[in-house]
Amino acid sequence: MTGRSHRPASGGDAVRSAGADDNAAHGPDIPLDVAERALGVVTVDLAAVARNWRSLAGLVAPAECAGVVKADAYGLGASRVIPALMEAGCRTFFVATLDEALHCRRCAPQAIVHVLDGVTVADALIAHDLVPVLSTAADIDAWATACARSGRPLRAALHIDTGLNRLGLDVATPEGRRAVRDRLASVEVTLVMSHLACADEPDHPMNAEQLQRFVARRGIVPGARASLAASDGLMLGAAYHFDLVRPGYALYGGQAFGGGRTPVETVVEVAAKILQVRTVPIGESVGYGASWTASTPRRVATLPAGYADGVFRHLSAASGQVGGVVAVRGRRCPIVGRVSMDLTTVDVTDVPGSPVEAGEWAELIGRSVTIEEVGRRAGTIGYEVLTRLSRRFHRVYRGGA
Ligand SMILES: *Cc1c(COP(=O)(O)O)cnc(C)c1O
């Protein structure tokens with residue numbers, strides 16, 4: 001990052017003189033060459049990812065902190081995020097699919113890479129020293145067969161169910177346990193894991209219930225390491241940490257935990273440069289379906305980002321409805337009318353100072369408008385907001401190796 005940068009949302013000189021701290025709160029630094037060319041920019045702060053990992057690792061020590069980098073590191077770019085996590089000290093990763101695992105292996109030749117979807121192509125897993133997470137009897141059989149063929153026990157993790165009823169082996173009954181044990185004979189199980197259903201709600205009785213079941217069932221493989229918690233679970237306290245925690249979302253600045261702040265900072269900022277500002281006369285509508293009508297003359301800015309970029313159409317606001325917000329010069333402005341494929345319209349009338357103009361930057365996601373808030377307003381969660389940010393946004397990585 002050079003000193004040559006342009007601060008979005010800092011608009012005209014009147015605002016830029018508001019002081020560096022003020023401007024810093026308005027949005028990310030965008031390199032000048034990018035600011036001149038790109039209309040929509042996702043900034044990923046890799047140094048913040050590294051600090052977040054270290055912070056969580058410190059919180060759960062002596063348990064180990066892994067990094068969950070599935071779905072291209074929650075949409076942020078696994079090839080940039082994985083090296084940043086490695087540099088911070090992360091040595092154990094989780095991905096969902098075989099392709100993600102192969103990519104993770106290329107980024108992290110020495111790391112332990114777990115594949116949550118289990119055994120798809122055993123030969124590929126073996127060739128690249130990947131660790132499948134076994135969650136069905138068929139998975140175990142496939143891996144046991146691969147072990148037999150290769151003439152040695154191969155590492156695997158075992159995913160047992162404790163109440164989520166999604167993936168995970170049923171080891172609640174003696175028959176279930178026996179069926180698993182019989183199949184495991186030739187497999188080297190290094191990790192027994194399970195996953196919590198309600199960890200974001202610290203008072204939910206399901207947490208203690210699943211913890212108790214996990215303690216009772218993890219012995220299915222004596223001596224194996226154990227892992228129960230993801231981002232929110234690790235906030236439930238040391239009883240949930242076991243040998244390894246598996247955060248994803250929190251590494252990327254997510255604050256899904258409902259019982260207080262997770263000790264992580266903002267990683268992702270999304271900004272778009274205003275294409276045009278017009279005054280919409282009283283009684284005129286804005287956008288498709290004419291769903292929103294100006295009840296007084298309004299200044300409406302058009303942003304070059306829409307649902308094809310990951311700005312949810314559910315953030316649209318008809319007259320009298322509340323939709324999404326963006327921040328312009330740090331001031332929150334409501335989305336008005338429908339979000340379309342490439343464009344979003346926002347009411348900038350109430351931004352103080354000189355009238356907002358084309359060329360100023362609006363913060364769609366960042367410190368003023370968090371991923372949690374965007375998720376809530378769109379009727380979804382921050383996880384989906386992150387993973388849907390499209391590749392059409394220009395990407396800027398800061399703080400990377
Ligand atoms: C996605 C996932 C995680 C990471 O969850 P976060 O809430 O993002 O921390 C951990 N474990 C499993 C099994 C997962 O599927």
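Just follow the structure's listing: the first ligand is 1, and inside any ligand the first atom is 1. Because only heavy atoms are used, hydrogens play no part in the values below, and waters and symmetry mates are left out as well, while side chains stay in.
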Looking at ligand 1, does any of its N/O atoms fall within less than 3.5 Å of an N/O of H159?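 No, H159 has no N/O under 3.5 Å of an N/O on ligand 1.
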Identify the protein heavy atom lying closest to [atom], giving its residue, its atom name and the separation to 0.1 Å.
atom: atom 9 (O) of ligand 1; value: S231 OG, 2.5 Å
atom: atom 5 (O) of ligand 1; value: A230 CB, 3.4 Å
atom: atom 7 (O) of ligand 1; value: Y383 OH, 2.5 Å
atom: atom 12 (C) of ligand 1; value: H195 CE1, 3.4 Å
atom: atom 8 (O) of ligand 1; value: Y74 OH, 2.4 Å

So if I count the atoms of ligand 1 from 1 in the order they appear, which ones are less than 4.0 Å from some heavy atom of G248? 4 (C), 6 (P), 8 (O), 9 (O)
Contacting atoms of ligand 1, where contact means under 4.0 angstrom from a heavy atom of Y249: 6 (P), 8 (O), 9 (O)
Are any of the heavy atoms in A250 under 4.0 Å away from ligand 1?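 No, A250 has no heavy atoms under 4.0 Å from ligand 1.
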What do you reckon, does F94 put a non-hydrogen atom under 4.0 Å from ligand 1?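 F94: no contact with ligand 1 (<4.0 Å).
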Backbone, side chain, both or neither: what part of [X] comes under 4.0 angstrom of ligand 1, heavy atoms only?
X: K70; answer: side chain
X: L116; answer: side chain
X: R246; answer: both

With rounding to the nearest 0.5 Å, note down the distance linking CZ in F257 to CG in L236. 5.0 Å
Just checking, is any N or O donor in the side chain of [X] or [Y] under 3.5 Å from an acceptor N or O on the other one?
X: H314; Y: R377; value: no
X: T266; Y: R367; value: no
X: S340; Y: R338; value: no

Give a yes or no on whether the ring-centroid distance for F242 and F214 is below 6.0 angstrom.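 Ring centres of F214 and F242 closer than 6.0 Å.
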Applying side chain to side chain contact (heavy atoms under 4.5 Å, CB included), run through D45 and E269 and close with a yes or a no. CA-CA 9 Å; D45 187 343; E269 304 193 6; over 6 Å; no
Determine, for R166 against D161, whether the closest basic-nitrogen to carboxylate-oxygen distance falls under 4.0 angstrom. no
Could you walk me through whether K70 and D117 pass the salt bridge (charged side-chain N to carboxylate O under 4.0 Å, His left out) test, one step at a time? CA-CA 11 Å; K70 61 193 180 189; D117 284 355; over 6 Å; no
